[in-house]
**Q** 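Here it is, the structure in full.
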Amino acid sequence: MPALLPVASRLLLLPRVLLTMASGSPPTQPSPASDSGSGYVPGSVSAAFVTCPNEKVAREIARAVVEKRLAACVNLIPQITSIYEWKGKIEEDSEVLMMIKTQSSLVPALTDFVRSVHPYEVAEVIALPVEQGNFPYLQWVRQVTETVSDSITVLP
């Protein structure tokens with residue numbers, strides 16, 4: 001069990017590393033938005049994660065969400081291994097991970113679209129808010145997806 005401890009501690013850092021990669025900024029200690037002077041509202045951009053069975057499916061979904069302006073950018077991370085329980089059995093599959101940058105307000109529409117085209121019975125779509133990052137990049141994400149955001153009514 002002690003040999004697993006270093007691996008487990010590295011896994012805890014993975015979400016922060018992925019969000020850092022998405023934002024293009026090095027990890028730093030959180031600071032209040034008012035101190036940054038950027039005008040970015042923490043959490044207004046999200047990084048969503050979707051797993052796909054292969055690169056063809058991932059590319060098709062990625063192109064579609066960017067064309068529909070549900071996302072500004074999608075990174076495809078090939079050859080991940082997923083181990084999970086499904087219908088009472090432990091499964092292990094090679095998949096492609098999609099890292100999707102979008103406005104947080106678009107996550108419900110993004111989720112609905114992915115579910116409508118994804119081949120899995122239960123598609124993985126999870127999103128994490130981006131608290132901070134490279135302001136010009138976060139601004140670009142919002143600008144690219146702005147026209148969709150304006151036309152979607154978000155209920156409280």
**Q** Considering only heavy atoms from C-beta outward, does the side chain of V141 approach that of K101 to under 4.5 Å?
**A**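 Yes; the side chains approach each other to less than 4.5 Å.
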**Q** Taking side chain as C-beta onward, heavy atoms only, is S46 less than 4.5 Å from Q103?
**A**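 Heavy-atom side-chain distance check fails, nothing below 4.5 Å.
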**Q** To the nearest 0.5 Å, what is the distance between SG on C52 and CG on L76?
**A**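 C52 atom SG to L76 atom CG measures 8.0 Å (nearest 0.5 Å).
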**Q** Identify the two heavy atoms, one from S44 and one from R142, that lie closest to each other, and give their separation to 0.1 Å.
**A**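 Heavy atoms only, the tightest pair is CB-NH1, 3.6 Å.
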**Q** For the atom pair OH (Y40) and OH (Y137), what is the distance rounded to the nearest 0.5 Å?
**A**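 Atom-to-atom, Y40:OH and Y137:OH are 11.0 Å apart.
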**Q** Looking at CG of N75 and CZ of F49, how far apart are the two atoms once the value is rounded to the nearest 0.5 Å?
**A**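 If we round to the nearest 0.5 Å, N75:CG and F49:CZ are 9.5 Å apart.
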**Q** Roughly how far, to the nearest 0.5 Å, is CG of L70 from OG1 of T145?
**A**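 Answer for the OG1-CG pair, T145 versus L70, is 9.0 Å.
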**Q** Do you know which two heavy atoms are closest between I100 and A71, and how far apart they sit?
**A**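 For I100 and A71, the tightest heavy-atom pair comes out as CG2-CB, 3.4 Å.
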**Q** Taking all non-hydrogen atoms of both residues, which atom of P53 and which atom of P119 are closest, and how far apart?
**A**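 Nearest pair, atom of P53 first, then P119: CG-CG, 3.8 Å.
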**Q** Hey, what do you get for CD1 (I61) to NZ (K56), rounding to the nearest 0.5 Å?
**A**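 Spacing of CD1 (I61) from NZ (K56) equals 10.5 Å.
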**Q** Determine whether R69 and V144 satisfy the following criterion, side-chain contact (heavy atoms from CB on, under 4.5 Å), listing intermediate values before the conclusion.
**A** CA-CA 7 Å; R69 294 185 176 268; V144 168; 3.9 Å; yes
**Q** Ion pair present between E55 and R59, side-chain N to carboxylate O less than 4.0 angstrom?
**A**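 Between R59 and E55 there is a salt bridge, with a charged N closer than 4.0 Å to a carboxylate O.
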**Q** For residues T102 and V45, determine if any side-chain heavy atom of one lies less than 4.5 Å from a side-chain heavy atom of the other.
**A**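 The answer is no, as the side chains (C-beta and beyond) never meet within the 4.5 Å cut-off.
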**Q** To the nearest 0.5 angstrom, please state how far the CG atom of L128 sits from the OG atom of S104.
**A**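 Result: 10.0 Å between the selected atoms.
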**Q** Can you give the donor-acceptor pairs under 3.5 Å from side chains of residues 79-90 to other protein atoms, not counting sequence neighbours?
**A**
| from | atom 1 | to | atom 2 | distance (Å) |
| --- | --- | --- | --- | --- |
| S82 | OG | E95 | OE1 | 2.4 |
| Y84 | OH | D93 | OD2 | 2.3 |
| K87 | NZ | E121 | OE1 | 3.2 |

**Q** Step by step, work out the side-chain contact (heavy atoms from CB on, under 4.5 Å) result for I77 and V96.
**A** CA-CA 6 Å; I77 305 167; V96 175; 5.9 Å; no
**Q** Which heavy atom in W140 sits nearest to a heavy atom in A72, and how many Å separate them?
**A**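 W140 and A72 have their closest heavy atoms at CH2-O, 3.3 Å.
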**Q** Identify every side-chain donor-acceptor pair in residues 107-118 under 3.5 Å, counting partners at least two apart or on other chains, and give the distances.
**A**
| from | atom 1 | to | atom 2 | distance (Å) |
| --- | --- | --- | --- | --- |
| T111 | OG1 | V107 | O | 2.8 |
| S116 | OG | F113 | O | 2.7 |
| H118 | ND1 | Y120 | N | 3.0 |
| H118 | NE2 | T51 | O | 2.8 |

